[in-house]
There are 2 protein chains.
Amino acid sequence: MTAKRVSVAQLASSLRDAITRFNRRVRQTRPVGDLTVTQLSALTSLQLAGALSPRELADVERVQPPTMTKIVAKLEERGLVQRTPHPTDGRQVILAATAEGRAILAQHERARDEWLAPRLAALTPEERDTLRRAAEILQKVARA
Amino acid sequence: MTAKRVSVAQLASSLRDAITRFNRRVRQTRPVGDLTVTQLSALTSLQLAGALSPRELADVERVQPPTMTKIVAKLEERGLVQRTPHPTDGRQVILAATAEGRAILAQHERARDEWLAPRLAALTPEERDTLRRAAEILQKVARA
DNA sequence: CACAGTAATTAGCTTAACTAATAAGCCCGG
DNA sequence: CCGGGCTTATTAGTTAAGCTAATTACTGTG
């Protein structure tokens with residue numbers, strides 16, 4: 001398992017292709033419990049942080065504030081997120097997962113990523129380790 | 001750099017999160033040369049294969065046939081793809097990149113993935129190797 | 001206290017995907 | 001030899017996800 005030398009341009013191309021197709025495949029699976037991947041990701045980040053303003057959540061999720069407004073609106077409709085005014089700053093809003101939102105997340109934890117998990121389980125431990133490290137690197141690149 | 005043991009469920013979750021954010025970041029970049037990421041990917045697959053029917057191309061790209069119809073329509077509008085009838089099967093259509101389409105691809109090869117490449121160049125060789133192997137694994141998983 | 005900056009939302013647009021339905025053509029079995 | 005069932009492609013219509021630009025509301029500072 002030695003490092004094969006590959007140009008950065010080739011890597012960029014094959015990585016982007018792989019991720020595009022992988023992502024399409026994941027999105028093809030019916031959203032579990034009526035939550036889309038986007039909504040689930042936002043709700044998860046929110047619960048991890050405890051509470052965030054829309055702007056902060058948008059930054060974490062790497063979307064623009066108006067996009068987050070829509071995502072939050074849908075989560076609020078379903079009663080999974082609560083919007084409370086900021087105690088001192090009248091412009092801001094504080095977002096937090098409701099009890100129902102946390103229940104949905106817990107439910108997802110049990111049957112996490114139904115499509116993906118069995119496929120990962122079919123890989124070798126080395127392959128899974130590669131993916132684990134790749135996930136960290138991708139987070140870093142996306143953050144940059 | 002030993003393998004850290006991580007549950008499949010945790011890996012599924014963090015991998016999906018990383019890829020979701022990474023993908024958003026890539027798509028935020030303005031389409032190079034008027035081709036979106038989706039269109040570029042389809043055109044590349046088409047040239048790699050030489051010629052394909054819409055159905056075959058949809059399978060390669062992991063989208064549904066109607067989605068491919070739209071992607072191809074846009075590529076045809078720009079004169080990058082040609083549609084010819086199948087010699088024996090009147091239902092089918094044969095898609096192929098035009099000379100102009102191949103020229104655009106060659107142009108992209110030179111300045112491939114303008115956003116991504118410099119960021120990959122900033123990584124260590126080991127990190128790039130991890131991503132290279134991860135790309136293969138992701139392709140395999142997406143194909144399964 | 002006016003005004004410059006920040007937070008959130010609204011409005012309007014684009015891309016990307018889906019499902020369901022339709023049209024057209026192939027092919028096999030009686 | 002032809003009628004019904006499958007396959008291919010497209011059309012129609014919807015939804016989600018993202019963007020930018022503009023608007024509203026509020027803060028805080030000179």
Side-chain angles (χ1 to χ4, degrees), chain A residues 16 19-32 34-43 51-78 81-95 115 142, chain B residues 16 19-32 34-43 51-78 81-95 115 142:
Chain A
R16 203 209 43 204
I19 286 182
T20 300
R21 277 170 219 185
F22 181 88
N23 215 40
R24 280 174 185 159
R25 202 65 170 70
V26 169
R27 282 178 190 277
Q28 268 176 25
T29 67
R30 266 282 127 252
V32 185
D34 263 9
L35 278 189
T36 65
V37 171
T38 300
Q39 290 163 14
L40 182 60
S41 178
L43 187 55
L52 291 173
S53 70
R55 153 73 66 173
E56 288 166 335
L57 186 53
D59 286 346
V60 170
E61 291 292 302
R62 306 239 64 117
V63 296
Q64 295 302 308
T67 301
M68 190 46 69
T69 294
K70 281 192 189 176
I71 297 170
V72 167
K74 276 173 195 149
L75 289 172
E76 207 188 9
E77 262 177 36
R78 283 177 171 78
V81 156
Q82 200 177 12
R83 213 191 289 256
T84 56
H86 190 284
T88 64
D89 188 336
R91 297 164 300 180
Q92 286 191 49
V93 172
I94 296 172
L95 303 174
W115 176 81
Chain B
R16 205 208 41 204
I19 285 182
T20 300
R21 277 169 220 187
F22 181 88
N23 217 38
R24 279 174 187 159
R25 206 63 170 67
V26 170
R27 281 179 190 278
Q28 269 176 24
T29 67
R30 262 290 125 243
V32 186
D34 262 10
L35 278 190
T36 65
V37 171
T38 299
Q39 290 163 13
L40 182 60
S41 177
L43 187 54
L52 291 173
S53 73
R55 153 73 67 174
E56 288 166 336
L57 186 52
D59 285 346
V60 171
E61 290 293 302
R62 306 243 65 122
V63 296
Q64 295 302 308
T67 302
M68 190 47 68
T69 295
K70 284 194 186 173
I71 297 171
V72 167
K74 276 174 195 149
L75 290 172
E76 207 189 7
E77 263 177 33
R78 285 179 169 78
V81 157
Q82 200 178 11
R83 213 190 288 256
T84 55
H86 190 285
T88 64
D89 190 335
R91 297 164 299 180
Q92 287 191 48
V93 172
I94 297 173
L95 304 174
W115 176 82

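Residue numbering restarts at 1 for every chain, and letters A, B, ... go by the order of the sequence lines. For the numbers below, each heavy atom of this structure counts, side chains included, while hydrogens, waters and symmetry mates do not.
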J.: I need the CG-C1' distance between B:N23 and C:dA17, as an integer number of Å.
T.: 13 Å
J.: Grab the CG-P distance between A:L57 and D:dA17 for me, whole Å please.
T.: 14 Å
J.: Would you check if B:I94 and B:P87 make a side-chain contact, meaning some heavy-atom pair closer than 4.5 Å?
T.: yes
J.: For the pair made of CD in A:E61 and C1' in D:dA17, what is the distance, rounded to whole Å?
T.: 13 Å
J.: For A:R62, does its backbone N or O pair with a side-chain atom of B:R21 as donor and acceptor, under 3.5 Å?
T.: no
J.: Answer with base, sugar-phosphate or nothing: what part of the nucleic acid does B:T88 contact at a heavy-atom distance below 4.0 Å?
T.: sugar-phosphate
J.: Could you tell me whether the side chain of A:T20 and the main chain of A:R16 form a donor-acceptor pair under 3.5 Å?
T.: yes
J.: Quick one: B:Q64 CD to D:dT14 C1', roughly how many Å, whole number?
T.: 15 Å
J.: Please encode protein proximity along nucleotides 3-16 of chain C as a string of B, S and -, counting only heavy-atom distances under 4.0 Å.
T.: --BBSSBB-BB-SS
J.: Any side-chain heavy atom of B:P54 within less than 4.5 Å of one from B:L95?
T.: yes
J.: Do B:Q82 and B:E76 have side-chain heavy atoms sitting under 4.5 Å apart?
T.: no
J.: Taking C-beta and beyond as the side chain, do A:V81 and A:L43 meet within less than 4.5 Å on heavy atoms?
T.: yes
J.: Which atom names give the shortest non-hydrogen contact between A:R83 and A:A73, and what distance separates them?
T.: NH2-CA, 4.2 Å
J.: Under a 3.5 Å distance rule, please check whether A:R25 uses its side chain to pair with a backbone N or O of B:A142 as donor and acceptor.
T.: yes
J.: Return the polar atom pairs (N/O with N/O) between nucleotides 2-4 of chain D and the protein under 3.5 Å, or none.
T.:
none

J.: Rounded to the nearest angstrom, tell me the gap between atom CZ in B:R21 and atom C1' in D:dG18.
T.: 16 Å
